[in-house]
Amino acid sequence: MSFDTDKAAFKEGLRVGAPTWFGIAAWGLVVGIAMIKAGLTLPQALGMSLLVFAGSAQLASLPLLAAHAPAWVIFATALVVNLRFLIFSAILAPHFSHLPWRTRAWLGFMTGDIAVGLFMQRYPEFGEHKGKLAYLKALVFPNWASWQTGSIVGILLGSQVPGSWGLGFAGTLAILCIMLPLIINRAAFAGVVVAGICALLAVNLPYKLGLLLAVLLGMGTAMMLEEFLEGKKAGHDQANKETGEEPT
């Protein structure tokens with residue numbers, strides 16, 4: 001029975017995640033080309049793709065590497081850009097806290113933005129549901145494979161692609177196609193708007209520090225608004241309970 005449940009959940013995860021595979025591969029392709037264009041050697045680019053596995057952090061680091069920025073600035077930039085994974089970990093941890101730490105470690109490494117968003121749409125609240133692990137695996141395995149396929153192809157073809165092809169614009173379109181469906185509430189939308197405005201206003205800061213500021217302000221805005229909305233909803237439900245009405 002458990003096997004049948006896991007099999008059904010895995011198939012469902014594949015079906016839900018399939019529409020994102022092409023966009024992920026396209027985004028990986030752009031990042032792979034960007035790594036070669038930034039001056040990384042073939043082994044360096046392949047190692048970065050396989051070990052870092054974070055397109056936004058990779059792209060944020062490349063201009064800093066090309067500009068010979070201090071190592072602490074490069075690491076700080078990648079760290080701040082990836083701070084969202086702390087939130088993802090906090091979201092997923094209650095669902096999989098029963099697993100061995102080694103399993104949680106490699107699942108965490110392979111789990112990206114898309115997988116978290118799609119998983120939370122399927123399991124918005126913590127509860128005892130069979131098949132959750134199989135569902136997550138069906139999201140993260142193809143996600144990782146699509147990214148690495150696109151990235152490696154981009155790395156191998158990077159030296160052959162002219163800069164006039166507008167790869168930056170293509171990459172922006174690819175990531176927008178992936179991320180926009182994940183903006184599922186007002187808090188996330190507000191965070192994106194604040195981060196976008198901040199990134200535009202601070203574009204001229206040295207070492208791309210405007211990106212760091214945009215990420216911090218966007219995340220802070222989303223978290224504060226989410227907390228405010230949850231508190232407001234809790235207060236509204238409590239008021240309804242006291243008056244005998246059904247919670248909304």
Side-chain angles (χ1 to χ4, degrees), residues 1-25 27-28 31 46-58 60-61 75 78-152 175 178-179 181-185 187-188 191 215 218-220 222-223 226-227 230 234:
M1 183 65 181
S2 177
F3 175 79
D4 292 338
T5 301
D6 288 345
K7 185 177 180 180
F10 193 86
K11 287 183 177 180
E12 182 184 359
L14 290 177
R15 178 184 60 79
V16 171
T20 69
W21 297 346
F22 178 79
I24 292 169
W27 179 223
V31 175
L46 289 173
M48 191 177 198
S49 179
L50 293 170
L51 296 177
V52 178
F53 184 44
S56 54
Q58 290 172 242
S61 301
F75 279 102
L79 178 64
V80 172
V81 170
N82 282 342
L83 280 177
R84 67 191 187 281
F85 286 100
L86 292 176
I87 300 176
F88 295 161
S89 297
I91 291 173
L92 294 179
H95 295 274
F96 303 106
S97 58
H98 62 284
L99 297 176
W101 71 266
R102 289 185 179 85
T103 302
R104 284 178 280 144
W106 67 258
L107 275 175
F109 172 74
M110 297 186 70
T111 301
D113 309 62
I114 304 299
V116 174
L118 294 177
F119 181 86
M120 292 310 300
Q121 289 181 7
R122 176 64 177 83
Y123 300 102
E125 297 180 358
F126 173 70
E128 296 296 331
H129 299 285
K130 294 182 179 180
K132 285 198 295 187
L133 180 58
Y135 188 83
L136 182 65
K137 288 180 178 180
L139 295 174
V140 301
F141 290 162
N143 186 327
W144 185 89
S146 298
W147 173 267
Q148 298 300 344
T149 299
S151 181
I152 291 172
I175 198 170
I178 296 171
M179 295 306 299
L182 300 180
I183 304 175
I184 58 176
N185 56 43
V215 171
M219 289 179 58
M223 293 172 66
E226 182 73 21
E227 185 175 351
E230 288 182 357

S56 vs N82, side chain to side chain contact (heavy atoms under 4.5 Å, CB included): CA-CA, chis, key distance, verdict: CA-CA 8 Å; S56 54; N82 282 342; 4.1 Å; yes
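Annotation: salt bridge (Lys or Arg N to Asp or Glu O under 4.0 Å) contacts of E12 (sequence neighbours excluded): R122. In this view, S49 and Q148, S151 satisfy the side-chain hydrogen bond (donor to acceptor under 3.5 Å, both in side chains) rule, not counting sequence neighbours. Among residues two or more places apart in sequence or in another chain, the side chain to side chain contact (heavy atoms under 4.5 Å, CB included) test is passed with Y123 by H95, F119, H129, K132, Y135. Listed by chain and residue number, F10, L14 satisfy the side chain to side chain contact (heavy atoms under 4.5 Å, CB included) test with A138 (two or more places apart in sequence, or in another chain). Residues passing the side chain to side chain contact (heavy atoms under 4.5 Å, CB included) test with L99 are F96, T103, R104, L107, L133, sequence neighbours excluded. K137 meets the side-chain hydrogen bond (donor to acceptor under 3.5 Å, both in side chains) test with no other residue; sequence neighbours excluded. The side chain to side chain contact (heavy atoms under 4.5 Å, CB included) check on F22 picks up nothing, with sequence neighbours excluded.
Residues P94 and I91 approach most closely at CD-O, 3.4 Å, considering heavy atoms. M110 approaches F53 most closely through the heavy-atom pair O-CE2, 3.5 Å. G17 and L118 make their closest contact through CA-CD1, 3.9 Å (heavy atoms, listed as atom of the first residue, atom of the second, distance). Across all non-hydrogen atoms, the minimal contact from L51 to F109 is O-CE1, 3.3 Å. Between A57 and V81, the shortest heavy-atom distance links the atoms N-CG1, 3.8 Å. The two atoms that bring V140 and A115 nearest to each other are CG1-CB, 3.7 Å, heavy atoms only.
At a threshold of 4.5 Å between non-hydrogen side-chain atoms, the residues W144 and L50 count as touching. In this structure the side chain of P142 never reaches within 4.5 angstrom of the side chain of T20, judged on heavy atoms.
Annotation: the span from K11 atom NZ to R15 atom CZ amounts to 12.5 Å, rounded to 0.5 Å. Here the straight-line distance linking atom CG of L83 with atom CZ of F85 works out to 10.5 Å at 0.5 Å rounding. Between the OG1 atom in T111 and the CH2 atom in W106 there is a gap of 8.5 Å [rounded to 0.5 Å]. I24 CD1 to T149 OG1: the interatomic distance, rounded to the nearest 0.5 Å, is 11.0 Å.
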